[in-house]
2 protein chains.
Amino acid sequence: MKAERRRITTRELAQDLGVSRATIDRALNGRGRISEETRERIARRAQELGYRPNLIARSLAMTTSARIIAIVPKQPASFFQSILEGIRDAAENYADHPFSVEIRHTSKHDLTEQREIIRRLDGTTCNGLILVPAHSRALNSEIDRLAGEGVMVICVNSDAPESRRTTFIGQDFIRAGRLAAELLGKLARGQGRVLSLGGFPDIWAHTQRTLGFVRELEEHYPEIEILHGPFCDDDPQRAYEAVRGAIDSAPPDRPIAGVYISTGAGSWGVARALRENQPRKIHFVGFDVLPENVKYLRSGTIDAVVEQEPYRQGYDAVEQLHRHFIERKTEHAEYVLTGLDVILRNSIPELPEHGTDQQF
Amino acid sequence: MKAERRRITTRELAQDLGVSRATIDRALNGRGRISEETRERIARRAQELGYRPNLIARSLAMTTSARIIAIVPKQPASFFQSILEGIRDAAENYADHPFSVEIRHTSKHDLTEQREIIRRLDGTTCNGLILVPAHSRALNSEIDRLAGEGVMVICVNSDAPESRRTTFIGQDFIRAGRLAAELLGKLARGQGRVLSLGGFPDIWAHTQRTLGFVRELEEHYPEIEILHGPFCDDDPQRAYEAVRGAIDSAPPDRPIAGVYISTGAGSWGVARALRENQPRKIHFVGFDVLPENVKYLRSGTIDAVVEQEPYRQGYDAVEQLHRHFIERKTEHAEYVLTGLDVILRNSIPELPEHGTDQQF
DNA sequence: CTGAAAGCGCTTACAG
DNA sequence: CTGAAAGCGCTTACAG
């Protein structure tokens, strides 16, 4: 890049020190028997001469491969497809390296099924695990067992924050909720009643977003009254009913001015209820660029969604594992924050290729 | 990744066909003398057996290196720093490949200086060029000359659309303008007068954004009246004065409800004028996450900026060149669209590390 | 027009 | 505890 001199090789380093290249390898990569004295001498000299291994040569020479397993739900396809593509593209990118990514599917985003797969894994069958945890706590013991066996576990999209997973890759959920509140507050001009709906009570992403949402309104839009609605899991139908109920039972002099829900699939349930409530305009900020949500964004029923870049989450997870196993980086950020994008109608270029999951 | 069988090598392919590996290489990589007949036979068989070269082995073996030159302005640092970091990080990522990226700085984003550097380049000194064109047309003949000599030219951040550059990496400017209009229209609830200010008349990014802005308002917010203001180049002071003038001369019964400007540096000039106009709230959507704009986002004077992911633009430019020279991909998208993000106060995690350029 | 052989910078049995 | 040598899958002079 800069006018840096050609990098030094193990051969030159070996010659300089009067030892063999095999010894260099043992010293620098901690393999097998070597006297502490020579190890240290070699390490120091390598440092002095600025030795850095040629990673592609290493990759070409290595005989054993790091085995990564990624557990990804099949449904809802419109959401997990993007994470999957990110994982696949990154894996293909590293296809020539001693590094393989195998994908295991669960039928849906379900704790029991996910736990079954993880139970059968151990430190001899894989070196790394990519996971979208279906529960914020219930997988901790399995994750911790794997971590104890030397498996590097990465949580993607949602987190198991108290487990021994190495890294979480995804949204800063608190800020995501705050962002939705900020926009909703602006659109409502800081006035009126806003209905706040929950997702799953046991999914970290959902609870944290609502926390951020409420905090932001309280701090910056004190005149907005928050109407706390029920958890709707990730179920559009329940979200639909909750919104209908709130609209119908609101006193005429204090109507609903805005709606919030902390989940992507719930968002289009909310949107359907609001569409039926035309022509009264109720502001609504949801989550995730799902095909159903895009439809309502186009028609104006959804003002905006906050997006989390699922493709990049998948891609970055593989990259992080590559950095660990191939580049042998030892430091790993606990949080890799991706995607906190406000998506409006004009943010969407065209319909995503994959179809929708259901006829809702 | 999947349970794909081990990839076939040149050695096996050669054995299968009863030729040498050198011949395989000549056939597949179009090097030197080879009879059309054997070339075709080898190509067909390679296809049948699904041969794909091991790219890291290739990189390790190659003796000549692709030379990439990137021309990046030093000022304004707060903006170009990010592009530069993207370029540097990507280049470092490929440090072991026969692929070098050299950065040449201009002092500011200036046509004359930029053209001087390009004039001294040719097909023997470099293979690829990364450029943030300082003019939408005036560099065309130099770009075309380089393209004619086999240099792959990539425009980043702004475009020279009628030149023979291979790819433009950056925003869809029309949509960026539309997005700003959509948000401003929503915030103003489709009512009132909106002042639209220009940037440089010769920078593609600026003119196209304003085009998109005007179209969106006309199509979706027909009741908004557009007040067409002057070009302010990229000068905060001129933007400041234009806004002051418009506010002062607006008739009391038809005040300014919103402001738009198509440039990032202009945005903080607008914001300063609006801050002085407190407490009347005038909506404002600008461009780019510059430190000065972040300040006004925090205080609420700027409602939002539309962001273009400069880091990624730099990174992707290097990656595209790598794909061409190392992976030898022959197809290249003419447009790689990055960053069309709406940034609100809560989108910003913390102040960027680098300082500001001037005391404005 | 084609092939045999050396080499890129590492890792890894194998021998001592 | 240490070294000599083969090998990863390509490219590239060199020879024919």
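Note that the structure is a prediction, hence the values are computed from the model and not measured. The sequence lines fix the lettering, A, B, ..., with proteins before strands; numbering per chain opens at 1.
Atom pair A/Arg26:CZ and C/dA13:P shows a separation of 12 Å (rounding to whole Å applied). If you take CG of B/Leu28 and P of D/dG9, they are 16 Å apart, rounded to a whole angstrom. Atom C1' of nucleotide C/dC10 and atom CD1 of A/Ile8 are separated by 14 Å, given to the nearest angstrom. For B/His97 and C/dG9, the NE2 to C1' distance is 13 Å, given to the nearest whole Å. Between the CD1 atom of B/Ile326 and the P atom of D/dG9 there is a distance of 20 Å, rounded to whole Å. Between the CE atom of B/Met62 and the P atom of C/dC8 there is a distance of 15 Å, rounded to whole Å. Between the CZ atom of A/Arg52 and the P atom of C/dG9 there is a distance of 14 Å, rounded to whole Å. Note: CD1 (A/Ile56) to C1' (C/dC8) measures 9 Å, nearest angstrom.
Under the 30°/60° scheme for interplanar angles, the aromatic rings of B/Tyr94 and B/His322 are found to lie parallel.
If A/Ala22 and A/Arg11 are placed on DNA chain C by their nearest nucleotide, the residue sitting closer to the 5' end is A/Arg11. Both B/Ala57 and B/Glu36 sit near DNA chain C, but only B/Glu36 has its closest nucleotide nearer the 5' end.
For D/dG9, neither phosphate oxygen OP1 nor OP2 lies less than 4.0 angstrom from any side-chain nitrogen or oxygen of B/Tyr51. Taking 4.0 angstrom as the limit, A/Thr10 places none of its side-chain polar atoms (N or O) nearer than this to OP1 or OP2 of C/dG9. Not one side-chain nitrogen or oxygen of A/Thr38 sits closer than 4.0 Å to the OP1 or OP2 atom of D/dC1. Side-chain nitrogen and oxygen atoms of B/Ser59 include none within less than 4.0 Å of the OP1 or OP2 phosphate oxygen of C/dC8. Side-chain nitrogen and oxygen atoms of B/Asn54 include none within less than 4.0 Å of the OP1 or OP2 phosphate oxygen of D/dC8. In terms of phosphate contacts, A/Thr23 brings no side-chain nitrogen or oxygen within less than 4.0 Å of OP1 or OP2 of D/dT2. Distances shorter than 4.0 Å separate some side-chain N or O of A/Arg58 from OP1 or OP2 on C/dT11. Within the 4.0 Å cut-off from OP1 or OP2 of C/dG9, not a single side-chain nitrogen or oxygen of A/Thr9 is found.
Considering only the side chain of B/Ala61, C/dG7 comes nearest among D/dG3, C/dG7, C/dA4.
Within the nucleic acid shown, A/Asn29 comes within 4.0 Å of sugar-phosphate atoms alone, with no base atom in reach, counting heavy atoms only.
Heavy-atom minimum distance, B/Asp159 versus B/Tyr335: OD2-CE2, 4.0 Å. Here the closest non-hydrogen pair linking A/Tyr51 and A/Thr10 is OH-CG2, 3.4 Å.
Pairing for C/dA13 is absent, with no Watson-Crick or G-U wobble pair whose two atom distances lie under 3.5 Å.
The one candidate from B/Arg7, B/Arg52, B/Arg58 that meets the side chain to side chain donor-acceptor pair (under 3.5 Å) condition with A/Asp96 is B/Arg7.
Not a single donor-acceptor pair under 3.5 Å links the side chain of B/Thr167 to the backbone N or O of B/Glu334.
Aromatic ring centroids of A/Phe80 and A/His109 lie under 6.0 Å apart.
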